[in-house]
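Below: one structure, written as structure tokens.
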Amino acid sequence: MRGIKTLLLEKNSFGRATTAASSHMIHGGLRYLMYDRLTTQTTCWDSGNILQIARKNLIRLPIIWPVYQGHAHGIETVETLLESYDRFQPMKGGLRHLRLSKEETLALIPSLRAEGLIGALSFDEWWVDPVELVQKNLGAAQKYGAEVEGGRGADEFIFKDRKIVGLKSNGEEIYAKIIINAAGPWIDEVAGLAQIRIPLRLQKGTHMVYKEKLIPFGLILQTEDQRYVFVIPSPQGTLIGPTDIATDEKPGRIKTSEEEIQYLLKTAAHYLPSLPPKYDSTIIGARPILAQKGNEKLLSRGFEVLDHSDRDKIEGFITIGGGKMSDFRLMAEETSNLACKKLGIRAPCRTALETLNGEILPPSSFKRTSSALERFLKAHPHLREAHAFSYLALAFLKHCVSPRSPKAEFTSYYSTPPRPQ
Ligand SMILES: Cc1cc2nc3c(=O)[nH]c(=O)nc-3n(C[C@H](O)[C@H](O)[C@H](O)COP(=O)(O)OP(=O)(O)OC[C@H]3O[C@@H](n4cnc5c(N)ncnc54)[C@H](O)[C@@H]3O)c2cc1C
């Protein structure tokens with residue numbers, strides 16, 4: 001779109017790796033509000049852009065968070081979290097949360113366990129077929145002249161002094177002014193071809209897949225070890241997961257263990273006693289999380305564009321690492337900005353101003369996060385949690401003194417037309 005001659009190489013099949021193994025949601029990252037607020041804000045902002053450019057591929061997914069006696073997060077805490085999320089929801093075309101009584105919850109999901117249920121909170125995200133989304137992006141890029149080739153990857157880099165000037169792929173030499181490493185959990189392996197390291201903290205995640213649509217709306221379920229898993233219904237069936245386990249296996253080698261299956265089955269069957277124990281398949285992927293200190297539960301899902309000329313004194317090479325599917329457009333924008341800067345190209349990014357079908361869009365009326373604050377928290381990651389917590393503490397105080405959310409939206413909440421024509 002900025003006039004650069006571009007070739008995209010994919011070692012295997014486009015979109016069939018981590019992206020296909022995701023929870024299939026364009027979402028803002030509700031959970032990051034607890035320790036990494038800016039990532040939620042940025043992701044909500046770019047999810048809004050993705051909604052605009054790929055509207056026909058997204059389906060609104062109301063999600064219900066049932067709260068039971070003895071749960072780690074009580075109903076007021078969960079509602080506080082969702083009240084905080086409400087502030088970001090308009091950015092991505094989401095609705096304000098709803099608080100549901102026990103009876104309303106069971107009327108919406110009759111197969112849910114009634115015993116111990118206090119009530120529920122509801123919010124919404126967007127479901128997407130991730131492989132279809134990748135295909136749409138490839139098609140849009142090709143219309144602008146990009147060449148895309150699956151089944152061949154970067155096998156070796158060609159150096160001239162400290163500059164990468166090309167690569168070898170299936171024995172062929174390909175020369176380019178800039179090479180971008182966008183290999184998700186494989187970025188370290190690809191960087192290794194240039195004798196540099198990009199340390200990652202890969203977290204593997206499995207979903208069980210049912211071909212059948214088991215419930216009408218999404219669910220968030222607390223696990224025994226006080227994590228959460230989703231039940232995600234869609235036109236393709238139902239996903240239950242994901243697990244979230246640190247791994248030092250190579251991303252192409254990870255496998256679902258029997259323990260993961262038992263963990264997911266046990267959690268889901270606890271809340272949905274009629275769940276068929278026989279699932280159809282599993283999917284697994286490794287979250288491409290950049291190395292950072294701290295507890296696994298608090299790992300930032302933010303992304304970074306690495307300029308290897310600054311970082312490693314290697315010219316002509318850029319890596320994009322971390323991030324999520326829900327901010328893929330922004331990750332591409334910032335990576336391309338750096339490539340354009342190096343190439344002396346001034347054309348601005350337009351990927352938020354045109355749909356993947358080529359229709360022109362007005363600029364978003366929402367603002368991104370403050371880059372000064374973002375830089376500050378990147379430089380002082382230990383303050384990230386304190387930053388998030390200060391907002392939540394204030395939100396909790398407000399929650400305690402303000403009236404409960406109104407019920408007026410109830411009918412439309414669960415009956416929004418699923419996919420626009
Ligand atoms: C269990 C799980 C659930 C998730 N759920 C969500 C979610 O609901 N929403 C969300 O926004 N995010 C989610 N994520 C995160 C999201 O899936 C990833 O951040 C995203 O899909 C990564 O995309 P990617 O293109 O960077 O990586 P990938 O999809 O893994 O693509 C990288 C590609 O690089 C290719 N490659 C490797 N080596 C080479 C080479 N040498 N040359 C050329 N190509 C090469 C690979 O074959 C692969 O196809 C989830 C992740 C996991 C693991």
Side-chain angles (χ1 to χ4, degrees), residues 7-32 39-40 42-44 46-47 50 58 61 63 92 125-131 133-134 137-138 148-157 167-170 174 179-194 200-209 218 220 229-230 232 234 239-247 250-252 254 256 260 264 282-290 299 301-303 319-332 335:
L7 167 67
L8 178 61
L9 294 180
E10 159 57 55
K11 199 171 185 163
N12 293 309
S13 300
F14 284 106
R16 300 270 173 197
T18 322
T19 304
S22 71
S23 304
H24 292 42
M25 277 191 290
I26 297 298
H27 66 124
L30 170 65
R31 156 170 110 78
Y32 315 138
T39 293
T40 305
T42 306
T43 311
C44 282
D46 205 40
S47 293
I50 296 169
L58 270 49
L61 175 70
I63 299 177
K92 59 180 188 68
E125 303 287 9
W126 295 97
W127 179 88
V128 71
D129 174 341
V131 179
L133 184 63
V134 169
N137 274 278
L138 291 177
V148 303
E149 290 187 32
R152 62 187 301 203
D155 302 330
E156 216 179 296
F157 288 135
L167 57 78
K168 289 187 189 165
S169 175
N170 291 0
I174 301 167
I179 288 179
I180 296 172
N181 171 13
W186 285 270
I187 53 171
D188 184 34
E189 206 172 292
V190 171
L193 302 174
L200 296 172
R201 277 186 73 172
L202 297 182
Q203 291 281 127
K204 70 169 179 171
T206 287
H207 291 89
M208 295 189 314
V209 184
I220 289 193
V229 297
F230 288 106
I232 304 158
S234 77
L239 291 182
I240 300 184
T243 55
D244 193 6
I245 301 168
T247 180
K250 292 198 175 230
I254 51 167
T256 297
E260 283 179 274
L264 294 176
T282 55
I283 46 174
I284 185 162
R287 298 169 182 82
I289 302 171
L290 293 167
L299 291 176
R301 304 295 164 88
F303 65 85
T319 293
I320 171 71
K324 300 188 63 68
M325 175 166 70
S326 304
D327 51 11
F328 80 84
R329 192 215 57 85
L330 181 61
M331 291 168 73
T335 312

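Just follow the structure's listing: the first ligand is 1, and inside any ligand the first atom is 1. Please read these numbers as outputs of a predicted model, since none were measured by experiment.
Proximity of a side-chain donor or acceptor of N181 to a complementary backbone N or O of I187 within less than 3.5 Å is detected. Checking side-chain atoms of W126 against main-chain N and O of S47 turns up no donor-acceptor pair under 3.5 Å.
Listed by chain and number, the residues in a side-chain contact (heavy atoms from CB on, under 4.5 Å) with E156 are K168 (sequence neighbours excluded). Applying the side-chain hydrogen bond (donor to acceptor under 3.5 Å, both in side chains) criterion to N12, with sequence neighbours excluded, gives no partner residue.
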Please evaluate residues R301 and T39 with respect to the criterion side chain to side chain donor-acceptor pair (under 3.5 Å), reporting the C-alpha separation (whole Å), side-chain torsions for both, the decisive distance (0.1 Å), and the verdict.
CA-CA 7 Å; R301 304 295 164 88; T39 293; over 6 Å; no

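Protein residues are said to neighbour a ligand when one of their heavy atoms lies under 4.0 Å from it; for ligand 1 these are L9, E10, K11, N12, A17, T18, T19, A21, S22, S23, H24, M25, H27, G153, A154, A183, G184, P185, W186, V190, G205, H207, P242, G285, A286, R287, P288, G323, K324, M325, S326.
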Donor-acceptor pairs under 3.5 angstrom involving side-chain atoms of residues 14-26: please list them, not counting sequence neighbours.
{"from": "S22", "atom 1": "OG", "to": "T19", "atom 2": "O", "distance (Å)": "2.9"}
{"from": "S22", "atom 1": "OG", "to": "H24", "atom 2": "N", "distance (Å)": "3.1"}
{"from": "S23", "atom 1": "OG", "to": "H207", "atom 2": "NE2", "distance (Å)": "2.8"}
{"from": "H24", "atom 1": "ND1", "to": "S22", "atom 2": "O", "distance (Å)": "2.8"}

